2 protein chains.
Amino acid sequence: MTTQSSLTRPRVTISEVAKAAGVSKATVSRYIGGDRQLLAEATAQRLEAVIQQLGYRPNQMARGLKRGQTRLIGMLVADILNPYSVAVIHGVETACRQHGYSLVLCNTNRDDEQERHHLQALQSYNVEGLIVNTLGHQPGELLDLHRRLPMVLVDRQLADLQVDLVGLDNTDAVEQALDHLQTQGYRDIIAIGEPLDGTSSRHERVQAFTASVQRRASVRGRVLSLDAHLPQTLEQCLANDDHGPQALLTFNGVATLAVTRALQVAGRGLGDDLGLIAIDELDWCSLVGPGITALAQPTERIGAAAFECLLERLRGSEAQPRRLDFKAQLIVRGSTPLPT
Amino acid sequence: MTTQSSLTRPRVTISEVAKAAGVSKATVSRYIGGDRQLLAEATAQRLEAVIQQLGYRPNQMARGLKRGQTRLIGMLVADILNPYSVAVIHGVETACRQHGYSLVLCNTNRDDEQERHHLQALQSYNVEGLIVNTLGHQPGELLDLHRRLPMVLVDRQLADLQVDLVGLDNTDAVEQALDHLQTQGYRDIIAIGEPLDGTSSRHERVQAFTASVQRRASVRGRVLSLDAHLPQTLEQCLANDDHGPQALLTFNGVATLAVTRALQVAGRGLGDDLGLIAIDELDWCSLVGPGITALAQPTERIGAAAFECLLERLRGSEAQPRRLDFKAQLIVRGSTPLPT
DNA sequence: CTGTTAGCGCTTTCAG
DNA sequence: CTGAAAGCGCTAACAG
């Protein structure tokens with residue numbers, strides 16, 4: 001029986017340790033603060049024993065209050081159910097731990113109201129810095145926060161905000177996609193993404209796509225938005241196949257899922273007369289149909305880079321805001337064979 | 001230009017607000033503490049304006065230090081890359097926000113060392129309670145913490161620890177799986193899960209499976225562990241098909257992924273001569289082959305329930321530790337047709 | 001209705 | 001090498 005009960009002792013404090021060890025609070029503080037060398041060997045040993053025995057854990061809140069640093073990093077993600085976000089979180093989390101920081105994670109659920117709410121909460125907990133995957137709808141709050149806190153953006157830029165940004169080299173990714181498709185002989189490319197809502201990465205991918213298609217004389221390209229009518233719209237586009245072999249390019253994991261489902265409903269197989277290449281590698285890319293060709297983002301590295309970027313700022317760097325673009329890695333699978 | 005700079009003003013404090021508004025700190029404290037009714041209307045209005053204008057945000061750390069409550073909940077997950085965990089996190093997170101709590105999330109990466117580390121960190125940040133998806137390898141730290149903190153376990157029980165547990169009704173889930181498979185005419189069932197490492201839910205599923213098979217005269221069952229040799233072991237088992245139509249039962253998402261990959265490598269299709277039913281619904285269950293029949297866990301509800309359970313404890317409930325078991329929901333797809 | 005006063009647990013001068 | 005004392009930002013009696 002170990003039921004948690006009202007008998008719960010209040011936490012052991014530094015004073016108790018001090019008393020038990022027969023020293024002053026200051027001495028204990030020095031010990032836990034790592035100034036162990038400045039203590040008499042005997043004292044240090046006694047302290048070690050007492051702390052161990054009492055099960056003392058320094059109260060980070062109190063330390064933070066006094067020293068002005070909490071060793072807490074806040075992270076805001078737009079959608080924790082998106083595998084991309086999770087992978088980035090994982091990268092950030094790992095880097096945090098390695099540097100002695102803890103992560104306070106907030107999920108905005110793609111909701112502006114929640115974004116605002118969480119931003120306030122994070123601030124009130126005195127996080128030392130912020131890693132933000134924002135919606136970008138209302139820069140106000142963010143701009144404001146940025147004046148008080150080091151911050152780095154992930155994947156999504158914010159207009160008017162001069163901040164470090166780490167993400168994918170979207171232009172390159174789209175270029176790789178089109179190169180591959182063209183090489184494979186596809187001439188009619190339909191790109192599909194979530195509706196444009198101001199998210200910079202979506203914009204950039206669409207831009208890059210349009211520009212790149214324009215540069216390719218023999219290729220035709222169109223852009224579709226994910227919505228309730230996707231299956232119909234898609235079918236319509238696919239019917240209009242007077243320009244050569246067709247292929248789909250999905251701009252992220254969400255689009256890939258939606259498109260794959262739509263194709264399934266429509267009863268269209270992958271790879272035979274219709275190519276597909278996806279931005280974002282997913283667990284199941286290799287499993288569905290002949291396998292889906294993907295452009296994998298180095299998500300872990302993106303996460304780690306975001307943290308390191310933040311760390312530099314925390315250490316006082318005043319350098320110009322940087323933009324860290326990572327290259328996507330092409331993984332060729334059966335969904336983009338040479339069309340027959 | 002909004003570059004964060006060393007000019008960063010220190011945060012606005014309650015004293016500054018007090019001075020600016022010409023009242024005492026106590027009054028400001030009352031205002032932000034919600035005792036707004038106990039203030040003169042005029043004072044309240046002045047305060048509102050000043051706070052707004054100064055951009056004042058109460059320091060939760062300081063409040064926590066004083067009041068002994070931080071409005072922080074700690075959550076420990078074994079593997080954030082597992083979609084099950086993420087879905088539960090989402091449920092917890094939502095519930096937290098609705099009740100004014102923030103979530104500090106820690107991922108142990110299935111590593112004992114990291115579990116210990118994070119547990120200490122969470123404690124040092126004075127989280128009010130803990131939601132734990134533990135490895136269960138070393139109850140020591142956890143047992144210890146449980147004496148100081150309300151805690152609820154998710155999915156995995158811990159021997160010797162009398163704590164609330166919320167998870168899946170494993171017996172029922174396995175029963176549903178076998179019922180379905182048997183109804184469909186399968187007679188030789190191979191169950192596959194991650195290696196038994198003390199994780200209670202894995203144990204329970206294996207136990208339930210063995211017991212349930214025993215009760216079914218006409219059915220034969222075996223259990224396999226995920227490891228490097230899975231493809232071979234599996235092939236071997238499948239060759240031994242003298243007991244009637246065969247089907248696979250995967251015990252969780254990880255197993256489903258591994259098995260699906262192994263089958264693909266082996267060139268075996270789903271549904272024709274080999275059935276498959278999976279515990280855990282995944283994004284791609286409907287997409288691969290004829291679709292994978294799944295037993296979906298109500299993950300969001302599990303997460304929400306975990307938080308609510310914790311909340312009761314936080315409010316002082318001394319009730320006997322409960323076990324909340326949710327039923328899995330069967331989603332029939334093409335991987336379990338009536339065998340030919 | 002509002003101000004005064006003491007701390008919460010810890011760190012940090014400043015003296016020994 | 002160690003202790004005393006002040007104070008981080010806030011709340012909670014207790015007076016008025």
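Side chains included, hydrogens not; waters and symmetry mates left out as well; all remaining heavy atoms used. Just so you know, these numbers come straight off a predicted model, no measurement behind them. Numbers restart at 1 for each chain; the letters A, B, ... are given by sequence-line order, proteins then strands.
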Open item on the list: Could you check whether Glu113(B) pairs with Arg116(B) (Lys NZ or Arg NE/NH1/NH2 to Asp/Glu carboxylate O, under 4.0 Å)?
Closed with: yes
Open item on the list: Check whether Gln60(B) reaches the backbone of Ala121(A) with its side chain - one donor and one acceptor, N or O, closer than 3.5 Å.
Closed with: no
Task: Whole angstrom value for the distance that separates C1' of dT11(D) from CD1 of Ile32(B) - done: 9 Å
Task: Lys/Arg N to Asp/Glu carboxylate O, Arg315(A) vs Glu312(A), below 4.0 Å - done: no
TODO: Would you kindly give the CG-to-P distance between Leu38(A) and dT11(C), to the nearest whole Å?
DONE: 14 Å
- [ ] Kindly give the heavy-atom pair with the smallest separation between Thr299(A) and Ala87(A), and that separation in Å.
- [x] OG1-CB, 3.2 Å
Task: Interatomic distance, Tyr31(A) OH vs dT11(C) P [rounded to whole Å] - done: 14 Å
Task: DNA chain C contacts made by residues 43-52 of chain B, counting heavy atoms under 4.0 Å - done: Thr43(B)
Open item on the list: Any heavy-atom pair between the side chains of Ile80(B) and Val86(A) that's under 4.5 Å?
Closed with: yes
TODO: Taking salt bridge (charged side-chain N to carboxylate O under 4.0 Å, His left out) as the test, write out the residues that go with Glu48(B), two or more places apart.
DONE: Arg36(B)
Task: Ser201(A) side chain to Asp155(A) side chain, donor-acceptor N/O pair below 3.5 angstrom - done: yes
Open item on the list: Does the plane of the ring in His99(B) sit parallel, tilted or perpendicular to the ring in Phe307(B)? Use 30° and 60° as the thresholds.
Closed with: tilted
- [ ] Take nucleotides 3-9 of chain C nucleotide by nucleotide from the 5' end and write B, S or -, depending on whether a protein heavy atom sits under 4.0 Å from the base, only from the sugar-phosphate, or from neither.
- [x] BB-BBBB
